[in-house]
2 protein chains.
Amino acid sequence: MEHRIEQIKKQLHAQSYKLTPQREATVRVLLEREEDHLSAEDVYLLVKEKSPEIGLATVYRTLELLSELKIVDKINFGDGVSRYDLRKEGAKHFHHHLVCIECGSVEEIVNDLLEDVERIVQNDWGFEVKDHRLTFHGICKQCQQSAVKAN
Amino acid sequence: MEHRIEQIKKQLHAQSYKLTPQREATVRVLLEREEDHLSAEDVYLLVKEKSPEIGLATVYRTLELLSELKIVDKINFGDGVSRYDLRKEGAKHFHHHLVCIECGSVEEIVNDLLEDVERIVQNDWGFEVKDHRLTFHGICKQCQQSAVKAN
DNA sequence: TCTTTTAATTATAATAATTATAAAATAGTA
DNA sequence: TACTATTTTATAATTATTATAATTAAAAGA
Ligand SMILES: [Zn+2]
Ligand SMILES: [Zn+2]
Ligand SMILES: [Zn+2]
Ligand SMILES: [Zn+2]
């Protein structure tokens, strides 16, 4: 944890941004809930528990800044809110998501499954890929099992 | 065009929905601008040109309905608005997108590049894939060429 | 250390996108 | 035709996000 905070501090300083207490509190929440996919509001409420004086706009600005620095990825699962997802330590690409249309759960795939596809896009379409967003919608393992039992 | 309207009419009737004049006008706009990625507001303004009496909420409701019936796919490129994309005739999966981070252009890939990946997700993660969203962010061909010239 | 400059935050207001509500209109059906 | 359910309209409300001006905090210079 402290190690990753330090790392992020360096990334900020490299662009001459400061790691203010508010920013640090925000980053800590993201680290503590790394598996989750929090909205700005979610993050705000969690940060507020420890640092009640923080403002919502600051959380928005911090998340925006972290997005620009590629420390977090902004993603939208189609429910009208942007969610902020910490990039895995050392990962050079954004991970993929499995969204269950039954229970709403979100699972992550950290393996890069798109290497071949990106090569094709590069070669056949002449498009220089810098980043990607891949989300599968379907039925998660648990819901499949529940469906079997119900029959 | 008329052929596809008829087809959509049937799809609506199959679920006992009506193809009202407002809905038809909305579908026509989507058909006329099939290559584009229109927001609800965009669609509203275009429909209004021909049917000035239509309301914005009706457009929203129609697009929502068409989404449920999988006639259009709702997508978000991260700019805060939902965009509505007519599914290609006969396509059983949603096509992919190339979004240029320089000029903002959006190119479409109708080939299914995810067959292998979906098989892996199915087998290794036990997730039953029903739909997907795949967007690449990068530099389009035109912007690459402009960059070369500029040097 | 004191002062100046710049960056960041707060509190608040504004904007933009989307959804909800009630009344009126429309369409299908007995 | 009369009845019933669906859909639309006009409008208001809600929700997410961004902008503004005043204040605070941090860094840089004297
Ligand atoms: Zn994730
Ligand atoms: Zn599930
Ligand atoms: Zn471009
Ligand atoms: Zn498209």
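Since we're looking at a predicted model, the values are computed, not measured. Because only heavy atoms are used, hydrogens play no part in the values below, and waters and symmetry mates are left out as well, while side chains stay in. Letters A, B, ... mirror the listed sequences (proteins, then strands); counts begin at 1.
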task = Just jot down the side-chain hydrogen bond (donor to acceptor under 3.5 Å, both in side chains) partners of B:Glu34, sequence neighbours excluded, or say none.
result = B:Arg4
inquiry  = For residues 121-140 of chain B, which residue pairs pass the salt bridge (Lys or Arg N to Asp or Glu O under 4.0 Å) check, not counting sequence neighbours?
reply    = B:Lys70-B:Asp131, B:Asp73-B:Arg133, B:Arg87-B:Asp131, B:Glu128-B:Lys130, B:Asp131-B:Arg133
Under the ring-ring contact (aromatic ring centres under 6.0 Å, His included) test, residues paired with B:Phe77 that sit two or more places apart = B:His37, B:His97
note = To the nearest angstrom, the CG-P distance between A:Leu65 and D:dT18 comes to 14 Å
query = Tell me: CZ of A:Phe77 to P of D:dA16, nearest whole Å?
reply = 16 Å
Co-members of A:Val81 in a cluster of I, L, V, M, F, W and Y side chains, linked at under 4.5 Å = none
Gap between atoms CD and P, on A:Glu64 and D:dA19 respectively (whole Å) = 10 Å
query = What's the CG-P distance between B:Leu63 and C:dT19, to the nearest Å?
reply = 11 Å
ask   = Rounded to the Å, how far apart are A:Asp79 CG and C:dT19 C1'?
value = 14 Å
query = When you measure from every atom of DNA chain C, which of residues 16-30 of chain B have a heavy atom less than 4.0 Å away?
reply = none
message = Applying side-chain hydrogen bond (donor to acceptor under 3.5 Å, both in side chains), can you list everything that pairs with B:Glu32, at least two apart in sequence or on another chain?
response = B:Lys50
B:Glu108 bridged to B:Lys88 by N-O distance under 4.0 Å = yes
ask   = Can you check the A:Tyr44 OH to D:dT15 P distance for me, whole Å?
value = 16 Å
inquiry  = Rounding to 10°, can you tell me the angle the first-five-pair axis of the helix from C:dT1-D:dA30 to C:dA30-D:dT1 makes with its last-five-pair axis?
reply    = 20°
request  = Give, for atom SG of B:Cys100 and atom NZ of B:Lys141, the distance between the pair rounded to the nearest 0.5 Å.
outcome  = 13.0 Å
inquiry  = In whole Å, I'd like the distance from the CG atom of A:Asn76 to the P atom of D:dA16.
reply    = 12 Å
remark   = Hits for side-chain hydrogen bond (donor to acceptor under 3.5 Å, both in side chains) against B:Glu49, two or more places apart or cross-chain, chain-then-number order -> none
query = In whole Å, what is the span from the CD atom of A:Glu68 to the C1' atom of C:dA8?
reply = 15 Å
key: Distance below 4.0 Å between A:Thr58 side-chain N/O and C:dT10 OP1 or OP2   = yes
remark   = Cluster membership besides B:Phe136, Ile/Leu/Val/Met/Phe/Trp/Tyr side chains within less than 4.5 angstrom, sorted by chain and number, is A:Leu98, A:Ile109, A:Leu113, A:Leu114, A:Val117, A:Ile120, A:Val121, A:Trp125, A:Phe127, A:Val129, A:Leu134, A:Phe136, B:Leu98, B:Ile109, B:Leu113, B:Leu114, B:Val117, B:Ile120, B:Val121, B:Trp125, B:Phe127, B:Val129, B:Leu134
inquiry  = Which is more 5' along DNA chain C, the nucleotide nearest B:Arg61 or the one nearest B:His13? Just name the residue.
reply    = B:Arg61
Find every protein N or O atom lying less than 3.5 Å from an N or O atom of nucleotides 14-18 of chain C, and list the pairs.
{"unit_1": "C:dT18", "atom_1": "OP1", "unit_2": "B:Ser82", "atom_2": "N", "d": "3.2"}
{"unit_1": "C:dT18", "atom_1": "OP1", "unit_2": "B:Ser82", "atom_2": "OG", "d": "3.2"}
{"unit_1": "C:dT18", "atom_1": "OP2", "unit_2": "B:Tyr60", "atom_2": "OH", "d": "2.6"}
{"unit_1": "C:dT18", "atom_1": "O5'", "unit_2": "B:Tyr60", "atom_2": "OH", "d": "3.4"}

Any pair counted as side-chain hydrogen bond (donor to acceptor under 3.5 Å, both in side chains), so long as it reaches residues 8-26 of chain A, sequence neighbours left out = A:Glu24-A:Arg28
remark   = Sorted by chain and residue number, the side chain to side chain contact (heavy atoms under 4.5 Å, CB included) partners of A:His93 (sequence neighbours excluded) come out as A:His96, A:Asp112, A:His132
